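Please read the structure below before turning to the comments.
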2 protein chains.
Amino acid sequence: MAPRSPAQEGAAARTEASPARGRATIRDVAAAAGVSIGTVSRALNARSGVHAATRQRVMDAATALAYDPDRAARELSNRRAVSVGLSMAHGYRRLTPFFALFLERLSAHLAMSGLRVDDLPTGGDGLPVGDADAFVLLGAHPDDPRIGHLLAAGRPFVLVGRHPGVRGVAADDEAGGRLAAEHLLRLGHHDVVLLTGQPHAQAMADRARGFTTALADGGMAAPTRLVADDGSPLGAYRVLRAHLESGARPTAVFAATDEMATGCIAAAGDLGLQVPADVSVIGFDDLPEIGDGLTTVRQDFEALARETVALLHEALHGDEPRSVRLPVTLISRGTTAERR
Amino acid sequence: MAPRSPAQEGAAARTEASPARGRATIRDVAAAAGVSIGTVSRALNARSGVHAATRQRVMDAATALAYDPDRAARELSNRRAVSVGLSMAHGYRRLTPFFALFLERLSAHLAMSGLRVDDLPTGGDGLPVGDADAFVLLGAHPDDPRIGHLLAAGRPFVLVGRHPGVRGVAADDEAGGRLAAEHLLRLGHHDVVLLTGQPHAQAMADRARGFTTALADGGMAAPTRLVADDGSPLGAYRVLRAHLESGARPTAVFAATDEMATGCIAAAGDLGLQVPADVSVIGFDDLPEIGDGLTTVRQDFEALARETVALLHEALHGDEPRSVRLPVTLISRGTTAERR
DNA sequence: TCACGCGTCGTAAACGGTTACGAAATTGAT
DNA sequence: ATCAATTTCGTAACCGTTTACGACGCGTGA
């Protein structure tokens, strides 16, 4: 055997820290850290039996070399790919900009953590299928059959949303609703409309609740409540336009979604109302392609994706279900103004 | 993660023809065919240097054992996964229902053919990135920089759409436009509006051209042309509503997209017009979630996906670029009627 | 008959990881 | 200081495939 001899550097330069060609392999990292490949594997995979200091050295070497484990090799060795299946309420078809953006971030995080996306969102109204090792559920309602199905089958999954007793991650929708209300209160508004999508969706309910309770706490009358069941810009447009045409002149509207906010702005504009001069509009999500000057409650998509894969790992590991609520912030831009 | 314990039964039984447990490997096939694994690999991969009779025996053994090569092992050995990158014009964000449905079908076909989806749609306005071996371009406009970029870089790709000189697949949009026009002609309409999305998109242009030329051929006046640049239901709604409010009373409207057709129907309805009694509406695409009674021009999504992967294989193989045009059919449902 | 070439095929070494096993080093108790 | 118990780590064997290389058998030309 060849004990790690300092003499090797003299002979051949091929054991250098930087890989001769192509991507760094586990062996490059081992050489750089001065340990064996076994140790590197253990350190990187958070296995026990490796000294903290050694682990740190390995980590440093790995990041220095931009080490990125080869998925094929890992799968081959593990005799099975850990794959995650994405399941959306109505397949790809109801893919809202929100989920689209989330998916984009998610796939990046998934790739980094060695997980592999097996199926693109699918399943239609049906149950999640396929032999994925874990699932991510998107757009599930409280009575979504997929939840019970997965629970009963004992398959690991994480819900993007909130549901009692199931592992899930979601923004703090209620706090977001409160933020919106407080913002409006601060600006002196008093006649306000609250527009949500399907009211039995948990997120919608939470945002609405936060909004109305904060309004009440501020001593304001209850907002008039409008709903556009499909949550689309067009739905929002029609429902708000109808309300406006009936003579109502709210000073502000809180749309539970950026998408719906765009519909609101269009409706107001078509009726000759200026935003924010005549009516303030505030949205929710902070979608990049929409947030062009829109005051909104921002969700942290990066965190959402990050926590989703963290929970995924926990689910795969059989940990106790945990539910994480992400903080949310208000971004004040150009669509809200003081009531005059 | 809990690795499944591999078969650890009888020691001696491992050289049998039928795999002890789990999937058959190349060694099982070799044993069954009475040759070595090297020969099996060569035979199955159509490499030269294997006798025809031997090849046949190997093939038979392989099918008998339902041999399915392990992707991870193959990728590891080849040092490269054949991966395809999906690139969409604006990342996921402009993911229309059309592309969503297409992607759903595409991923199924891709999986069947051993290709692997490397990246979910990404890139924003940027160029396709990543080390994918081939790309699928979605939503590209004639002047899309991605096309030139990929062409210059000599990377294999297929365009979902039509562009002179590049390998691509698309529905026969022009024929679809003609079909729509002929349908309207047959029903006796004469005052017709044509509503498209971004007019410089190839598909929009083709549909419009087919429609107007067929109308002209039928001896009808040119349609009044409306455009909703974002192609959204709301955009369609507003533009058609404005037109209707200006006093126009077309007897029929051809929306270049099912999505836009929904906006048209809503606009007509909000103005007290019955569909199809007062105005006929005809769409394009035949999206399942929309085609609820909508007369439309149907695209064959299955064929679209199938041809895409076929072209992908050709691209990978370095074949001459080929462009396929898929036939299209008119589905007459409840939103068109005879002009009265 | 011998050498040579060619077409077939088997052997073994990769590919880049994981992990069982045991050796070495460290610790603690006596 | 000695020895056992316990960490920590290195070695090597796998996972299933591809492919370079060499061995072998068989015709052919001399």
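Everything numeric in this text was worked out from a predicted model, so none of it was measured.
- Contact of the B:Arg105 side chain with the B:Leu304 side chain is not registered, since no non-hydrogen atoms from C-beta on lie closer than 4.5 Å.
- When the P atom of C:dC9 is taken as reference, atom NE2 of B:His51 falls 7 Å away, rounded to whole Å.
- Of the candidates D:dG16, C:dG17, C:dT18, the closest approach to any side-chain atom of A:Asn45 belongs to C:dT18.
- Nucleotide C:dA14 holds its C1' atom 9 Å from the CG atom of B:Leu76, rounded to whole Å.
- Residue order along DNA chain D, read from the 5' end via each residue's closest nucleotide, puts A:Arg55 first among A:Ile37 and A:Arg55.
- In this structure, A:Ile26 atom CD1 and D:dA12 atom C1' are separated by 14 Å, rounded to whole Å.
- Taking atom CZ on A:Arg27 and atom P on C:dA14, their separation rounds to 11 Å, with Å as the unit.
- Looking only at distances, no side-chain donor or acceptor of B:His163 sits under 3.5 Å from a matching main-chain atom of B:Leu159.
- In the set D:dT8, D:dC15, C:dT11, the nucleotide with an atom closest to the side chain of A:Thr54 is D:dT8.
- A close approach under 4.0 Å does occur between a side-chain nitrogen or oxygen of B:Thr39 and OP1 or OP2 of C:dG10.
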For this session: Apply side-chain contact (heavy atoms from CB on, under 4.5 Å) to B:Met59 and B:Gln56, showing your working.
Result: CA-CA 5 Å; B:Met59 300 288 228; B:Gln56 193 52 51; 4.2 Å; yes

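- Between B:Arg74 and D:dG16 there is no side-chain polar atom (N or O) within less than 4.0 angstrom of OP1 or OP2.
- The nucleotide whose nearest atom lies closest to any side-chain atom of A:Thr25 is, among D:dT17, C:dG16, C:dT11, C:dG16.
- As rounded to whole Å, 14 Å separates atom C1' of D:dC15 from atom CD of B:Glu75.
- With C:dT19, D:dT19, D:dG10 as the choices, the nucleotide that has an atom nearest any side-chain atom of B:Arg47 turns out to be D:dT19.
- With values rounded to the nearest 0.5 angstrom, B:His51 atom NE2 is found 12.5 Å from B:Thr39 atom OG1.
- When each of D:dT18, D:dA12, C:dG16 is scored by its nearest atom to the side-chain atoms of A:Asp70, the top-ranked nucleotide is C:dG16.
- Exactly one of A:Phe99, A:Phe102, A:Phe98 qualifies for a ring-ring contact (aromatic ring centres under 6.0 Å, His included) with A:Phe301. That residue is A:Phe98.
- Donor-acceptor pairing under 3.5 Å, judged by distance alone, is present between the side chain of B:Arg42 and the base of C:dG10.
- In this structure, the OH atom of B:Tyr67 is 7 Å from the C1' atom of D:dG16, given to the nearest Å.
- Inter-axis angle, ends of the helix from C:dT1-D:dA30 to C:dT30-D:dA1, five pairs per end, rounded to 10 degrees: 60°.
- The two residues A:Gly165 and A:Pro321 make their nearest non-hydrogen contact at O-CB, 4.2 Å.
- A donor and an acceptor atom sit less than 3.5 Å apart, one in the side chain of A:Ser77 and one in the base of C:dG17.
- Residues A:Arg162 and A:Arg325 have side chains in contact (heavy-atom distance under 4.5 Å, counting atoms from C-beta outward).
- Atom CG in A:Leu44 sits roughly 16 Å away from atom P in C:dG16 (whole-Å rounding).
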